[in-house]
Amino acid sequence: MKKRFFVSVVITFLVCTIFLQPSKSYAANPQLAVDLSANTGAVKHGASGFLYGLGDEGIPTDNMIAPLNPQGTAQKAPDGLQHPNGDALKIAPQFKRNGGKDIQIYMQDIYKQWPYDNLGIDDYLSKVDVMVNKVVADANRSMYVYVPFNEPNGNWYSNLLNYSSSTGSTARQKFFSDWKTVYERIRSIDASARIAGPNLTHYDSQFHLDFMSYAKTNHVLPDVMAWHELQNDFFTDYYNHYNHYRGIEASLGISARPIAINEYARSSGDLGVPGNLVQWITRFENTKVDAMLAYWTTAGALNDLVTENNKATGGWWLYKWYGEMTGNTVTVTPPSVNGSLQGLASLDSNKRQARVIFGGSTTSTDVFHTDVVVKGFEATPYLGNSVHIIVWGVDNSGLNPSSGPYFVQEGDYNVAGGQITVPVNSMKALSAYHMMITPNKDLSSANSTTRYEAEYASLSGTAFVSSGNNAGYSGTSFVEGYGSSTNASTSFVVTAPTNGYYNVTLRYSAGPLSEVPVNRKIRMTLGGSPIKDISLTGTADWNTWASSTTKVFLQAGINRIGIDAYTTDDSDAINVDYIDIQATTGTITSYEAEASGNTRGGAAVITTDLAASGGKYVGYIGLGAANTLTINNVAVSAAGTYRMAITYANGELGDGATNYNSNNC
């Protein structure tokens, strides 16, 4: 008889301007060289992937996923027993609406135990049939990539890499044969299937040569080459692994496959740690591969980037910086190719911006200095002969919420000999840093904890960073492109310390336009959904700026606020300078789950727990339609749309393996 598990929940309804001089350069600082003239291709964002990073709908929230510009995730098989949630087909709608591209399906997760139950290939094939038919019938079919075997050298074929014994040879032949059998079974049901493999625990040069040779001869080549990078040798040998594999393809006359490192990061010291993760990101982006953070701790929390479901750890901010890189990557030369200090840079000629993320040191307690040498300005005339530099930092917060990025330095640098040198001092080993390079047109400091500049936000549609000669703006520029547009959007990522009401002040200009109303209107979105259409008073000209304040309810943690064009005429033609966020007052009503007036159904029961609000919670909700909680006597002053926040806990293991790391968001 199966054990029954339930979700336990507590439900609460919740109806300065200083310019700094460039830092001093110390003798013999290590140098990180950025060459703006050396284009290495479009930013891929391939490293922003996750293994079991998504749990259920809303776990984590859209706010946590969308800013990272995710490309891929690897999830459990449809209705698999390995985990209680994270089903690939169930998380697909949320992943897709937040920009996700590929969802890898770990097919052996259909089994309950780890290592996987080995009931024979025939048992597995019967399960493959069921899984593939579910994928074929799914509305998001085109997103899925089948992973037939996960770490085969550590599961059903444990002697796979033993080249000195007949046992190892037998294991390899058995795996090759089973790969062919399962591959062909998948294709017999889904002719357009994308299949990834072999998915070893690490890169093995001899095995990958043997495997690809066999796969080519037998017409079962993987569509995506996949292996894991989980060991210390990643830091010294990853480029060798990548180059060796590409050499195998060339030697066998095989077209280059997409590569997915579908589990990466060591079991301790990497997940959530900005200064370590920047080293992984740079190597994967340099080789333009897809990569998924490894599953070592909690599922459904973007692999330690998220805590309490909507709050960011320090690592999240690094991936947010990475996700906001646009344009093309350019060459970054670290002090040592395989050294601890690494960096990644992008250049966007349309935004007239370059960005650099960097960090890393040998010992976790190191405090060190770095000279970031930026050259190649002859290829970027739009940046001018003098540039403005802003540097932000983010510290390691472990599994706790991060206080967010902090201001490090700001200054203007004259380009000499096609380059500048920016000393960044007192860097911390576990921290990461973000440098922005723009034309020297700044009119105010970036050092504000409440102001979010439009020119650094995520832009879409016809919105673009202005290159005009307007005056009076804040920061280094502003955003225009809202005239004659129905899709211009400026999306800001903001942090709220607590659930509550905040004043969002939009600074804008709305100068005269022929045959356009003097006053304008714009749409504000929250979390990607429209929240209010705002009327804006016209300004005397495009160098005159005005402000409009809207009170909104923000969720504790990360929120996304959009300023969007939406009309079919020019009545929303404005320029956007910034938004400013300030806490304010408003009515918030809390409803305790255990209140006597509520209705419980089925197994739902009140339980005492000092960690819960009011000292009690209602548990055993879910696992069947009968186990419910209804909050009664909810009162509002007027009909309308209200924000609701639910405080809950879910530490149950479900019917999955007993070694499952449960979601405790």
Subject >> Result of checking Asn140, Asp79, Asp138 against Leu89 for side chain to side chain contact (heavy atoms under 4.5 Å, CB included) >> reply: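 The option that passes is Asp138.
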Original post:
Among Leu430, Asp304, Asp395, which residue meets the side chain to side chain contact (heavy atoms under 4.5 Å, CB included) test with Val273?
Top reply: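 Testing each of Leu430, Asp304, Asp395 against Val273, the sole residue satisfying side chain to side chain contact (heavy atoms under 4.5 Å, CB included) is Leu430.
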**OP:** Quick one: do His228 and Asn262 satisfy side-chain contact (heavy atoms from CB on, under 4.5 Å)? Show the steps, please.
**Re:** CA-CA 6 Å; His228 300 169; Asn262 50 13; 2.8 Å; yes
Would you name the heavy atoms of [X] and [Y] that are closest together and state the gap between them?
X      : Y      : answer
Ala260 : Val224 : CB-CG1, 3.8 Å
Gly55  : Ile91  : O-CG2, 3.4 Å
Leu200 : Pro152 : CD2-CG, 3.8 Å
Pro401 : Glu308 : CG-OE2, 3.7 Å
Pro148 : Ala196 : CD-O, 3.2 Å
Val306 : Pro60  : CG1-CB, 4.1 Å

Original post:
So, Asp87 and Lys76, do they make that salt bridge, N to O below 4.0 Å?
Top reply: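 Between Lys76 and Asp87 there is no salt bridge, as every charged N stays at least 4.0 Å from the carboxylate O atoms.
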Original post:
Is the shortest distance from a Lys or Arg side-chain nitrogen in Arg185 or Asp129 to a carboxylate oxygen in the other one below 4.0 Å?
Top reply: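 Salt bridge between Arg185 and Asp129, a charged N being under 4.0 Å from a carboxylate O: yes.
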Separation of [Y] [atom2] from [X] [atom1] (nearest 0.5 Å):
X      : Y      : atom1 : atom2 : value
Leu293 : Ile281 : CG    : CD1   : 8.0 Å
Asn98  : Leu68  : CG    : CG    : 9.5 Å
Trp316 : Leu277 : CH2   : CG    : 14.5 Å
Asp564 : Arg523 : CG    : CZ    : 8.0 Å
Leu54  : Thr73  : CG    : OG1   : 5.0 Å
Leu302 : Phe50  : CG    : CZ    : 4.5 Å

Test your reading of the model: is there a side-chain donor-acceptor pair from [X] to the backbone of [Y], 3.5 Å cut-off?
X      : Y      : answer
Trp296 : Arg266 : yes
Tyr146 : Arg187 : no
Asn598 : Ala593 : yes
Thr298 : Ala301 : no
Ser397 : Gly314 : yes
Asn559 : Gly557 : yes
Gln75  : Gly86  : yes
Thr313 : Leu305 : yes
Gln104 : Val145 : no
Asp117 : Lys112 : yes

**OP:** Given side-chain contact (heavy atoms from CB on, under 4.5 Å), test Gln71 with Asp102 step by step and report yes or no.
**Re:** CA-CA 6 Å; Gln71 301 300 296; Asp102 289 345; over 6 Å; no
**OP:** For the pair Asp123 and Lys127, evaluate side-chain contact (heavy atoms from CB on, under 4.5 Å) and give the outcome as yes or no after the intermediate values.
**Re:** CA-CA 7 Å; Asp123 179 80; Lys127 292 175 169 59; 3.0 Å; yes
Subject >> From CA spacing to verdict: salt bridge (charged side-chain N to carboxylate O under 4.0 Å, His left out), Asp290, Lys101 >> reply: CA-CA 11 Å; Asp290 289 312; Lys101 303 298 192 299; over 6 Å; no
Consider only side-chain N and O atoms of [X] and [Y], and report whether a donor and an acceptor are under 3.5 Å apart.
X      : Y      : result
Asn303 : Tyr264 : no
Asp190 : Tyr144 : no
Asp109 : Asn150 : no

Ring centre gap for [X] and [Y] strictly below 6.0 Å:
X      : Y      : answer
Tyr295 : Tyr52  : yes
Trp280 : Phe234 : yes
Tyr578 : Tyr452 : no

How about [atom1] on [X], more than 12 heavy atoms from neighbouring residues, nucleotides or ligands closer than 6.0 Å, or not?
X      : atom1 : answer
Leu399 : CG    : no
Lys532 : NZ    : no
Lys521 : NZ    : no

Subject >> Option from Tyr319, Trp392, Trp317, Trp321 for which ring-ring contact (aromatic ring centres under 6.0 Å, His included) with His434 holds >> reply: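 The single option meeting the ring-ring contact (aromatic ring centres under 6.0 Å, His included) with His434 is Trp321.
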Original post:
Pick one: which of Trp179, Tyr124, Tyr116 meets ring-ring contact (aromatic ring centres under 6.0 Å, His included) with Trp156?
Top reply: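 Only one of Trp179, Tyr124, Tyr116 forms a ring-ring contact (aromatic ring centres under 6.0 Å, His included) with Trp156, namely Tyr124.
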Residue list, side-chain hydrogen bond (donor to acceptor under 3.5 Å, both in side chains) with [X], at least two apart or on another chain:
X      : answer
Gln231 : none
Arg560 : Asn63
Asn396 : none

**OP:** Step by step, work out the side-chain contact (heavy atoms from CB on, under 4.5 Å) result for Val552 and Ile531.
**Re:** CA-CA 9 Å; Val552 301; Ile531 186 172; 4.1 Å; yes
Original post:
Thr505 pairs by side-chain hydrogen bond (donor to acceptor under 3.5 Å, both in side chains) with which of Thr549, Thr450, Asp580?
Top reply: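 Testing Thr505 for a side-chain hydrogen bond (donor to acceptor under 3.5 Å, both in side chains) against Thr549, Thr450, Asp580 leaves exactly one candidate, Thr549.
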